[in-house]
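Right, one structure below, let's go through it.
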Amino acid sequence: MLIRNQDVSPDLLGLIGAAEHAVRKITPLFPLSHIEAVNPFIGLSDAPIALVAARLERSAGAYIFPSRSVQLGRIAKGEITLDDIRISRSEIAPDLELSEQAILETAHSANDIPQAIPTVADLAAEHSGTDWPNLVTERIGTWAQCHFDSGELLWAPEPDQSAWNSWRDWAMADRMPEIFDLSGFRDTISNSQHDHWRAIGDACAALGIDNDAAPSVFHRLLCDLGGWAGLGRYRLWEAEQAQTRDTTFAELLAIRLTWEQALHTRYAEDVGPQWDALVLKHREPLQVGTKHLIDAVLQRAAELASARRLDTLLAQAGDAAEPVKPVSCKAQLVFCMDVRSERLRRALEIIEPEIQTYGTAGFSNLPLVNQPSNVEDVEGLHIHGKLQRAISCFSRAAVSSFAYVGAAGILRLGSLVDSSQFHDRRVVGYGSLPRLTLDPSSEAAADAAEAALRSIDLTKDFAPVVVFIGHEARVTNDAQSGLLQCATCGGHDGAMNARTLSGLLNETPLRKLLARRGIEIPSKTVFRAGLHDTTGDTVTLFVTDPVGDRNPPLIRWLQDTLDQACGKVRAERSTDLPATPRGGALYARGGDWSQTRAEWGLAGCHWFVAAPRSATRNQNFEGKVFLHDYEGANDPDGKILAEIVGGPLLAAARINLQYYGATVSPQYFGSGNKMVQSAYGGIGLLDGTSGRLRGGLSDQSLFLNGKPVHDALRLIARIAAPEAAINAAISASPEVKNLVQSGWLDVGTLSQT
């Protein structure tokens, strides 16, 4: 229960349930410090896309399909065929009274502009000429920036005060609404109850919102709050993980409802009848229109064409594959399955056939700590931190900020000039090897190591050197750089996990335990860690990490081979990126603080393949595929497959949908233009200095000259396993099962037998 120790009426209980239901349709906004890919259709994607489109048009005015002009381009290129339309129509809208040809021809027509159900603020603006929607957004944002501040402000809000009561106190002193002729605003606030749930009940009574209309109205207002509602949703998710309670989302809803109540009171004679009609509309069941079905059919047809393209590439790779020979190789390189590693793996195998590459979902789930090497380091960091905080407070204080600029501003000149130059951003400053919390001689450590090796089918025929290569994007001046990092590493680089796993596997006691489990690692085999900088496409090996009593073989040869392969990848990628304004190598983009497009990240992530490398090795997937090694013959009970489907495949689907959502509806699912963004409190981004909080990918991550660089297609997955095994693995993951059944994820078999 979200309300306790109070007598609650059935009507209020219904409103509480409606609020709980509505907030679960809101995308959580993760803090910038550990930002990660989130399915933007969370809470909605258990329904078909046409129904979701109708709901988001009604609640947010969002359009969630590629434009008809994009579909027309696909048709003109021959990608979408009449047969695709026929199959898609039979899946999505078998009762649609339009022929395949008629549906195809609708791509020539323009899209309707989606219109959300108006709020009271919208009606009041139309009547009065005052831009109430933007004013409400600005005033809530101004308060929220203070209340949710995480240490940037010098005048902190009262500790432990709820969001609702914090806003009540703030709003009682806010003269701005009455300056804009919202008379009685502060009276509405002073008469509101201190309990936010009861305030919601009172506001709904004043607005005529009953339990039938409440779910739709609440979702509409939460969508209007944007990232602030996302913050409330994140806090609810965080509380549920810790098995505690948090009502931030409901308090934000109470604030937005109270604004509606105040505006309704002020303009009741003018907007009352219109609002009553809109409440009736909120009560109506959601209806999927013909336009939604047509767009859904066209989109599914485009995805069928994408699946056909993937299946063709896989068939060609299979035809070209040579019989597997049990021969040794010089090195085995294990990459994170991130789509940006596909180009590098392909280049390595072309340059040096004696290198084997593998794909896996990062190297996470290892219990570890990362500590400075000695006490002096800790004390130095503590003193440095105190000094930095003191300088920061002085620079931001109301009285001393201008004095700081005058006295110390020139001291920033050196770093500013330095930041303006291009730099070779090689791996530096990662400190000593992270330390496992597990004893290498323990069964728990053996469990972790065995799971990592079996997940990629690397359990025999070990090469003299095995390298786990994580990845990172070395960028500067990017508040959302976490979206370019490793998704399975919590939005951070993969160095720590790769180094930890390689260090663990070099431990002699651990190898003895693995041998008892059937995994014999030769005594001379050395495990190493590396890091792939995806911005500059450079790979550096952590050659100073200890390897026990083993001599690290082949390192110079391997580094030279990696450098050659990286050069090949840079040449391939450079044609996709706009020219570096002041010249310089591709890797220099990440070191340029003025560069808004250091790289395209995971744009183009369309496919996922779980199969032996022989099924994909001889094909160019153009950096569009997540490649995860999987050998079904070594997984008789399907346990590894279930872990891949419920973990790596699900992560890939979330990333794909994040790019999809921000491409088709950047206003709702994206964070906007980097050039005008302000990072707020380590939480999210603002357009300018106040207003609606935003999250998601920026315009510069998705568009160039107004055209999308990411083709908005939902993920197509192919797995080298029988259909029955795949279905069992899907059924084991409720989230994946929902995505598949509702058409948000296409999973099929890739026959290797």
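For reference, positions follow the sequence shown, starting with 1.
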Flag for [Y]-[X]: side-chain donor and acceptor within less than 3.5 Å:
| X | Y | answer |
| --- | --- | --- |
| N634 | D457 | yes |
| D635 | Y630 | yes |
| Q564 | E352 | no |
| S502 | D545 | no |
| Q480 | S671 | yes |

Report task. Please report the C-alpha distance between Y659 and S701 in whole Å, then the side-chain angles of each, then the deciding distance to 0.1 Å, and finally whether the side-chain contact (heavy atoms from CB on, under 4.5 Å) criterion is met. Result -> CA-CA 9 Å; Y659 273 82; S701 295; 5.6 Å; no
task = Please report the C-alpha distance between W600 and Q700 in whole Å, then the side-chain angles of each, then the deciding distance to 0.1 Å, and finally whether the side-chain contact (heavy atoms from CB on, under 4.5 Å) criterion is met.
result = CA-CA 9 Å; W600 287 126; Q700 284 82 359; over 6 Å; no
Does the ring center of [X] lie less than 6.0 Å from the ring center of [Y]?
| X | Y | value |
| --- | --- | --- |
| F41 | W744 | yes |
| F30 | W237 | yes |
| F335 | F468 | no |

Any sub-3.5 Å donor-acceptor pair from [X]'s side-chain atoms to [Y]'s backbone N or O?
| X | Y | result |
| --- | --- | --- |
| E342 | G623 | yes |
| Q619 | F621 | no |
| R694 | Q667 | yes |
| R714 | E303 | no |
| T525 | A463 | yes |

Below 4.0 angstrom, N of the basic side chain to O of the carboxylate: do [X] and [Y] qualify?
| X | Y | value |
| --- | --- | --- |
| E349 | R613 | yes |
| R74 | D711 | yes |
| R345 | D629 | yes |
| E572 | K568 | no |
| R300 | D84 | no |
| R343 | D576 | yes |
| R340 | D537 | no |
| E735 | K737 | no |

Locate the shortest heavy-atom distance separating [X] from [Y]; write the atom from each residue and the value.
| X | Y | result |
| --- | --- | --- |
| S481 | V475 | CB-CG2, 3.5 Å |
| L333 | L562 | CD2-CD2, 3.8 Å |
| S574 | A571 | OG-O, 3.0 Å |
| L650 | L739 | CD1-CD1, 4.0 Å |
| A498 | G470 | CB-N, 4.0 Å |
| T27 | P40 | OG1-O, 2.7 Å |

Using the six-membered ring wherever Trp is involved, compare the ring planes of F626 and F608 and label them parallel, tilted or perpendicular (cut-offs 30° and 60°). tilted
Per side chain to side chain contact (heavy atoms under 4.5 Å, CB included), C605 is matched among L715, I655, V625, D338 by I655
If you measure from [atom1] on [X] to [atom2] on [Y], what distance do you get to the nearest 0.5 Å?
| X | Y | atom1 | atom2 | value |
| --- | --- | --- | --- | --- |
| I355 | T561 | CD1 | OG1 | 5.0 Å |
| S306 | H606 | OG | NE2 | 6.5 Å |
| S45 | L745 | OG | CG | 10.0 Å |
| C486 | H532 | SG | NE2 | 12.5 Å |
| L627 | T357 | CG | OG1 | 8.0 Å |
| T663 | L702 | OG1 | CG | 4.5 Å |

Taking the side chain as C-beta and beyond, is there a heavy-atom pair between [X] and [Y] under 4.5 Å?
| X | Y | value |
| --- | --- | --- |
| F703 | P708 | yes |
| L685 | L693 | no |
| I730 | V747 | yes |
| P464 | V526 | no |
| P666 | D699 | yes |
| L541 | Q559 | yes |
| Q658 | V38 | no |
| L750 | I719 | no |

### Task
Count the heavy atoms belonging to other residues, nucleotides or ligands that lie under 6.0 Å from CZ of R309, then report whether that count exceeds 12.
no
Derivation and outcome, side-chain contact (heavy atoms from CB on, under 4.5 Å), residues I469 and V334: CA-CA 6 Å; I469 301 181; V334 184; over 6 Å; no
Quick one, R474 with D533, criterion salt bridge (Lys or Arg N to Asp or Glu O under 4.0 Å). Give me CA distance, side-chain angles, the key distance, then yes/no.
CA-CA 6 Å; R474 301 282 283 186; D533 171 12; 5.5 Å; no
| message | Pair R718, D746 - check salt bridge (Lys or Arg N to Asp or Glu O under 4.0 Å), show working. | response | CA-CA 8 Å; R718 294 293 181 259; D746 181 331; 3.3 Å; yes
Requested in this report: Carefully, step by step, assess N620 and R346 under the rule side-chain hydrogen bond (donor to acceptor under 3.5 Å, both in side chains).
Outcome: CA-CA 7 Å; N620 180 353; R346 172 165 34 93; 3.0 Å; yes
Q.
What verdict does the side-chain hydrogen bond (donor to acceptor under 3.5 Å, both in side chains) test give for Q485 and E36, after you've listed the backbone C-alpha separation in whole Å, the side-chain angles of each residue and the deciding distance to 0.1 Å?
A. CA-CA 9 Å; Q485 311 303 333; E36 58 183 70; over 6 Å; no
Checklist entry - Please walk me through it: do Y358 and Q356 pass side-chain hydrogen bond (donor to acceptor under 3.5 Å, both in side chains)? => result CA-CA 7 Å; Y358 297 79; Q356 292 179 355; 3.0 Å; yes
- Task: With side-chain hydrogen bond (donor to acceptor under 3.5 Å, both in side chains) as the test, would you mind laying out the steps for S698 and Q677 before giving the verdict?
- Result: CA-CA 9 Å; S698 69; Q677 286 175 353; 5.3 Å; no
